[in-house]
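All ligand and atom numbering here is 1-based and tracks the order in the structure.
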Amino acid sequence: MTFTRMFVRLGSCLHRLPKRNAQPPALWSPGITRGPCAASRTQHTASHSKSCLWQLREDYFELSVSGLLMRFDYVWLRDHCRSASCYNTKTNQRNLDTATVELGIRPSNIRVDEETLFLTWPDGHVTRFNLAWLVQNSYEGQKQRAVQPRILWNSEIYNEAKVPAISCEGFMTSDKELKQFLKTFLLYGIAFVEDVPPTLEATETVAQRVSLIRETMYGRVWNFTSDFSRGDTAYTKLALDRHTDTSYFQEPCGIQVFHCLRHEGTGGRTLLVDGFHGADKVLKEAPENFELLSRVPIKHEYIENVGAHHNHMIGVGPVLNVYPWNNELYMIRYNNYDRAVINTVPHDTVQRWYVAHRALTTELRKPENELWVKLKPGKVLFIDNWRVLHGRESFTGLRQLCGCYLTRDDVLNTARSLGLQA
Ligand SMILES: C[N+](C)(C)CCCC[C@H](N)C(=O)O
Ligand SMILES: O=C(O)CCC(=O)C(=O)O
Ligand SMILES: [Fe+2]
């Protein structure tokens with residue numbers, strides 16, 4: 001059995017390690033059980049019933065815990081040392097100057113006991129890793145889990161979920177209620193707070209319970225009506241098809257808050273569509289369409305010259321934004337009104353992009369995916385603008401909508417500080 005194929009049975013044995021290219025058999029100190037791999041694989045630790053196996057490869061350390069096979073580069077292991085001199089546990093910051101680590105570094109000794117991996121480096125420095133920490137922080141571990149657990153919905157799924165209503169009083173005073181609200185928001189990408197006083201000030205207070213407000217060229221907390229005061233169709237009585245806002249920002253606004261303070265007239269219902277549900281259907285039906293939408297950069301643009309307002313915003317990015325390590329969708333940028341000239345891709349890709357975009361649009365327009373709500377004074381709606389599309393029905397009469405955008409980082413920050421995964 002050669003060194004590189006051999007799994008070492010978990011134990012508190014100390015091994016002397018070779019220099020790069022050294023002869024493998026000399027590695028093993030006497031007394032190590034070198035049974036067949038199959039036998040080693042069934043080894044269980046005493047403290048948790050996990051089986052743990054490891055071996056030193058030429059360029060990386062291989063560790064298998066409870067069936068998860070992980071690979072750690074030696075320079076990574078040195079760089080992530082959590083000893084007092086390498087890492088400040090008070091501030092959670094790295095002390096170690098990574099530039100001083102030799103890129104071809106290898107440990108001179110390795111030992112694994114039931115819970116810990118011990119590495120001794122050539123200069124004598126000792127690094128300890130808790131095995132559970134390695135599982136949690138390995139690439140392979142990350143690849144397997146979603147950054148953000150979600151429930152993808154169509155109108156039936158959402159309505160049947162019977163999401164509990166959160167009242168303003170509880171939301172403002174109890175962290176438990178705020179946590180429940182955020183949990184719902186993270187799962188579905190929309191959440192409501194009820195019984196809010198129908199004022200701009202109360203809306204601002206409710207928004208600030210969750211996050212910092214993201215000021216934009218529309219203002220901090222806005223209150224708009226169909227008065228053509230800005231160069232955008234939002235400021236009319238026209239119907240607006242489903243879209244995400246601020247697609248023309250390099251970082252589109254993370255969350256949108258709406259509170260209808262007044263409507264004396266007809267129509268004006270709000271449309272909500274789970275963009276991730278639609279994208280997931282595209283992925284399942286034609287992965288090449290999903291892939292194209294996640295790869296082709298598309299420009300969105302906002303040009304305004306109305307009264308004193310002069311703005312020119314440009315945002316470039318794919319319609320579907322995915323994490324490269326697990327292909328998880330984290331942002332959809334979908335606004336056909338604000339989509340700019342496509343001049344970032346060659347003509348043969350353009351045709352395929354339109355096909356893919358049509359497939360997504362068809363999915364997003366299916367009536368069963370539409371959730372229609374009539375916003376009333378007192379009911380504040382939070383929308384995850386990176387996931388859920390909104391639109392509106394045309395309307396008559398005076399309609400006043402107030403709200404704001406929130407900084408996404410701060411919403412997630414609040415959620416994490418309450419113990420939620422975000
Ligand atoms: C919400 N508020 C009325 C302030 C702005 C509306 C922005 C509308 C723009 N077409 C977009 O989709 O980004
Ligand atoms: O008027 C509405 O209900 C929403 C308009 C809109 O899309 C927006 O303000 O972003
Ligand atoms: Fe909008």
Practice problem: Report yes or no: is the cationic atom of Arg128 (NZ for Lys, CZ for Arg) closer than 6.0 Å to the six-membered ring centre of Phe118, at no more than 45° off its axis? | Solution: no
Quiz item: Are the aromatic rings of Tyr60 and Phe72 close, with centres under 6.0 Å apart?
Solution: no
Quiz item: By atom name, which N, O or S atom belonging to Asp245 lies closest to the Fe ion (ligand 3)?
Solution: OD1
Exercise. Go through Asn154 and Glu368 one step at a time and tell me if the side-chain hydrogen bond (donor to acceptor under 3.5 Å, both in side chains) criterion holds.
Key: CA-CA 6 Å; Asn154 55 23; Glu368 67 260 33; over 6 Å; no
Practice problem: Do me a favour and list the nearest non-hydrogen protein atom to atom 10 (O) of ligand 2 with residue, atom name and distance? | Solution: Asp245 OD2, 2.8 Å
Self-check item: Closest to atom 7 (O) of ligand 2 among His243, Arg392, Gln400, Gln256 (heavy-atom distance)
Solution: His243
Quiz item: Which atoms of ligand 1 have any heavy atom of Asp338 under 4.0 Å away?
Solution: 9 (C), 10 (N), 11 (C), 12 (O), 13 (O)
Quiz item: Can the ring centroids of Trp54 and Phe61 be said to lie less than 6.0 angstrom from one another?
Solution: yes
Self-check item: Nearest-contact summary for atom 7 (C) of ligand 1 - protein heavy atom, Å
Solution: Tyr218 OH, 3.4 Å
Quiz prompt | Atom name in His390, limited to N/O/S, at shortest distance from the Fe ion (ligand 3) | solution = NE2
Quiz item: Taking only heavy atoms of Gln256, which atoms of ligand 1 are found under 4.0 Å from at least one of them?
Solution: 1 (C)
Quiz prompt | Test of ring centre spacing under 6.0 Å for Phe276 and Tyr188 | solution = no
Quiz item: Are the aromatic ring centres of Phe382 and Phe192 under 6.0 angstrom apart?
Solution: no
Quiz item: With under 30° as parallel and over 60° as perpendicular, where do the rings of Tyr235 and Phe224 fit, or are they tilted in between?
Solution: tilted
Quiz item: Any side-chain donor-acceptor pair under 3.5 Å between Gln351 and Trp353?
Solution: no
Practice problem: Determine, using heavy atoms of Arg230 and all atoms of ligand 1, whether some pair is separated by less than 4.0 Å. | Solution: no
Quiz item: Can you list the atoms of ligand 2 that are under 4.0 Å from a heavy atom of Phe258?
Solution: 4 (C), 8 (C), 9 (O), 10 (O)
Quiz item: Is the centre of the Phe129 ring less than 6.0 Å from the centre of the His80 ring?
Solution: no
Quiz item: Going by heavy atoms, is Tyr302 under 4.0 Å from ligand 1?
Solution: no
Self-check item: Side-chain donor-acceptor pair present, Arg339, Asn336, cut-off under 3.5 Å
Solution: yes
Quiz prompt | Residues Tyr334 and Thr361: side-chain donor-acceptor under 3.5 angstrom | solution = yes
Practice problem: Give yes or no for whether the N/O distance cutoff of 3.5 Å, strictly under, is met between Tyr405 and ligand 2. | Solution: no
Quiz prompt | Nearest non-hydrogen protein atom, atom 9 (O) of ligand 2 | solution = Phe224 CZ, 3.3 Å
Quiz item: Which atoms from ligand 1 have a heavy atom of Tyr235 less than 4.0 Å away?
Solution: 2 (N), 3 (C), 4 (C)
Self-check item: Top protein contact for atom 10 (N) of ligand 1, by heavy-atom distance
Solution: Asp232 OD2, 2.7 Å
Quiz item: In terms of atom number and element, which parts of ligand 2 are under 4.0 angstrom from non-hydrogen atoms of Leu240?
Solution: 5 (C), 6 (C), 7 (O)
Self-check item: atom 13 (O) of ligand 1: the protein heavy-atom neighbour that sits closest, reported with distance to 0.1 Å
Solution: Tyr248 OH, 2.6 Å
Quiz item: Roughly how far apart are Leu212 CG and Thr407 OG1, rounded to 0.5 Å?
Solution: 4.5 Å
Exercise. Specify side chain, backbone, both or neither for Leu401, according to which of its non-hydrogen atoms lie closer than 4.0 Å to ligand 1.
Key: neither
Practice problem: Answer with side chain, backbone, both or neither: which part of Leu401 has a heavy atom less than 4.0 angstrom from an atom of ligand 2? | Solution: side chain
Quiz prompt | Selection from Trp222, Phe224, Phe249, Tyr405 by shortest heavy-atom distance to atom 5 (C) of ligand 1 | solution = Tyr405
Quiz item: For atom 3 (O) of ligand 2, which candidate among Lys237, Arg399, His390 provides the closest heavy atom?
Solution: Arg399
Exercise. Answer with yes or no whether the side chains of Ser83 and His125 bring together a donor and an acceptor at under 3.5 Å.
Key: yes
Self-check item: ligand 1 atoms in contact with Asp245 (distance to a heavy atom under 4.0 Å)
Solution: 1 (C), 6 (C), 7 (C), 11 (C), 12 (O), 13 (O)
